[in-house]
Amino acid sequence: MSKINYGRTTHSYSETLVVFHIGMTPNRWWRPDLWLPAFLAMPPMVKELSADPDSGLLGYEMLFNRNGPYVVQYWSSVEKLYEYASATSQHHRPAWSKFNRTAQKSPGAVGVWHETFVVERAESMFVDTRTMGLPKATQLIKVGAQNARAQTRLAHGRVSSS
């Protein structure tokens, strides 16, 4: 288990930042044969991406909410994200094709969704937590007098738009 970062921490990053949310909603939870393959497809994808420093994936967090599991991913560019999504030689494209075949046989059994954000500014605050989120994907730094206020962190949290 990773260590707790005691005190207040934030992130530092000044490059292009893309935040990608992707998730699934098991609409027929009693049919794991329909939703479990989609659920199990994500871990090999993030493992594949994490093993390749040129993939563009900076980091990720796997989470759950009342609708089901989802992943927040941090990317270095939209182009890298789309490149991975369409690469037939990597895990995503075959998994997506398989999901579509299953979805056609049982419409509405499992929902999938994603959202993509190109971020102009980012602010974060973590108190007494393990490294996660933006600091895990970028650089963890201590909060000091120069960045103690959220407004200051946001004002100086500009990332490039290229």
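Please read all numbers here as calculations on a predicted model, not as lab measurements.
Judged by distance alone, the side chain of Asn65 and the main-chain N or O of Gly68 form a donor-acceptor pair under 3.5 Å. Without hydrogens or angle criteria, Asn100 side chain to Ser97 main chain gives no donor-acceptor distance under 3.5 Å. Judged purely by atom type and a 3.5 angstrom limit, Lys136 has no side-chain atom pairing as donor or acceptor with the backbone of Arg130. Checked by atom type and distance alone, the side chain of His21 never pairs as donor or acceptor with a backbone atom of Glu115 at under 3.5 Å. No side-chain donor-acceptor contact under 3.5 Å links Thr129 to the backbone of Phe126. Glu61 contributes a side-chain N or O that, together with a main-chain N or O of Gly133, makes up a donor-acceptor pair within less than 3.5 Å. The backbone N or O of Asn27 lies less than 3.5 Å from no partner atom in the side chain of Trp35, so there is not a single donor-acceptor pair.
Residues His91 and Pro44 share a closest heavy-atom pair of CD2-CB, 3.7 Å. Ala85 and His92 get closest at one heavy-atom pair: O-ND1, 2.8 Å. Pairing each heavy atom of Leu34 with each of Ser106, the nearest pair is CD2-OG, 3.6 Å. What you find for Ser76 and Lys80 is that their closest heavy atoms are OG-CG, 4.1 Å. Closest approach of Met45 to Ala95, counting heavy atoms only: CE-CB, 3.8 Å. Here the closest heavy-atom approach between residue Arg121 and residue Val119 is recorded as O-CG1, 2.8 Å.
Dense packing is recorded around CZ of Phe117, with more than 12 heavy atoms of other residues, nucleotides or ligands lying under 6.0 Å away. The neighbour count for Trp113 CH2, taken as heavy atoms of other residues, nucleotides or ligands under 6.0 Å away, is above 12. Residue-environment remark: CZ (Arg149) stays at or below the threshold of 12 foreign heavy atoms within 6.0 Å. More than 12 heavy atoms of other residues, nucleotides or ligands sit less than 6.0 Å from atom NZ of Lys142.
One hydrophobic cluster, built from ILVMFWY side chains closer than 4.5 Å, cannot hold both Ile4 and Ile141; they sit in different ones. Taking hydrophobic clusters as Ile, Leu, Val, Met, Phe, Trp and Tyr residues chained together by side-chain heavy-atom distances below 4.5 Å, Leu40 shares a cluster with Met24. Linking Ile, Leu, Val, Met, Phe, Trp and Tyr whenever their side-chain heavy atoms come within less than 4.5 Å puts Phe20 and Tyr84 in one cluster. The cluster map of Ile, Leu, Val, Met, Phe, Trp and Tyr, joined by side-chain heavy atoms under 4.5 Å apart, puts Val78 and Leu49 in the same cluster. Taking hydrophobic clusters as Ile, Leu, Val, Met, Phe, Trp and Tyr residues chained together by side-chain heavy-atom distances below 4.5 Å, Val18 shares a cluster with Ile22.
There is a side-chain donor-acceptor pair under 3.5 Å between Asn5 and Lys3. Remark: the Ser124 side chain and the His11 side chain contain an N/O donor-acceptor pair separated by less than 3.5 Å.
A heavy-atom distance below 4.5 Å is found between the side chains of Met62 and Val46. Contact of the Pro69 side chain with the Phe39 side chain is registered, since non-hydrogen atoms from C-beta on lie closer than 4.5 Å. Contact check for Val110 versus Thr102: no side-chain heavy atoms found under the 4.5 Å cut-off.
Expressed to the nearest 0.5 Å, how far CG of Leu140 lies from CG of Leu134 amounts to 11.0 Å. Between atom OG of residue Ser89 and atom CD of residue Glu48 there is a gap of 7.5 Å, rounded to the nearest 0.5 Å. To the nearest 0.5 angstrom, Asn67 atom CG is 5.0 Å from Thr25 atom OG1. We find the OH-CE distance between Tyr70 and Met42 to be 13.0 Å, quoted to the nearest 0.5 Å. Tyr82 contributes atom OH, which lies 10.5 Å from atom OG of Ser77 (distance to the nearest 0.5 angstrom). The distance from the OH atom of Tyr13 to the OH atom of Tyr74 is 12.5 Å, given to the nearest 0.5 Å.
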Verdict with supporting geometry, Ser55 and Gln90, side chain to side chain contact (heavy atoms under 4.5 Å, CB included): CA-CA 11 Å; Ser55 69; Gln90 295 183 292; over 6 Å; no

From CA spacing to verdict: side chain to side chain contact (heavy atoms under 4.5 Å, CB included), Thr138, Glu15: CA-CA 10 Å; Thr138 60; Glu15 303 298 322; over 6 Å; no

Side chain to side chain contact (heavy atoms under 4.5 Å, CB included) evaluation trace for Thr116 with Trp75: CA-CA 10 Å; Thr116 306; Trp75 287 79; over 6 Å; no

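Each of Leu63, Leu57, Leu58 was checked for a side chain to side chain contact (heavy atoms under 4.5 Å, CB included) with Tyr60, and the lone residue meeting it is Leu57.
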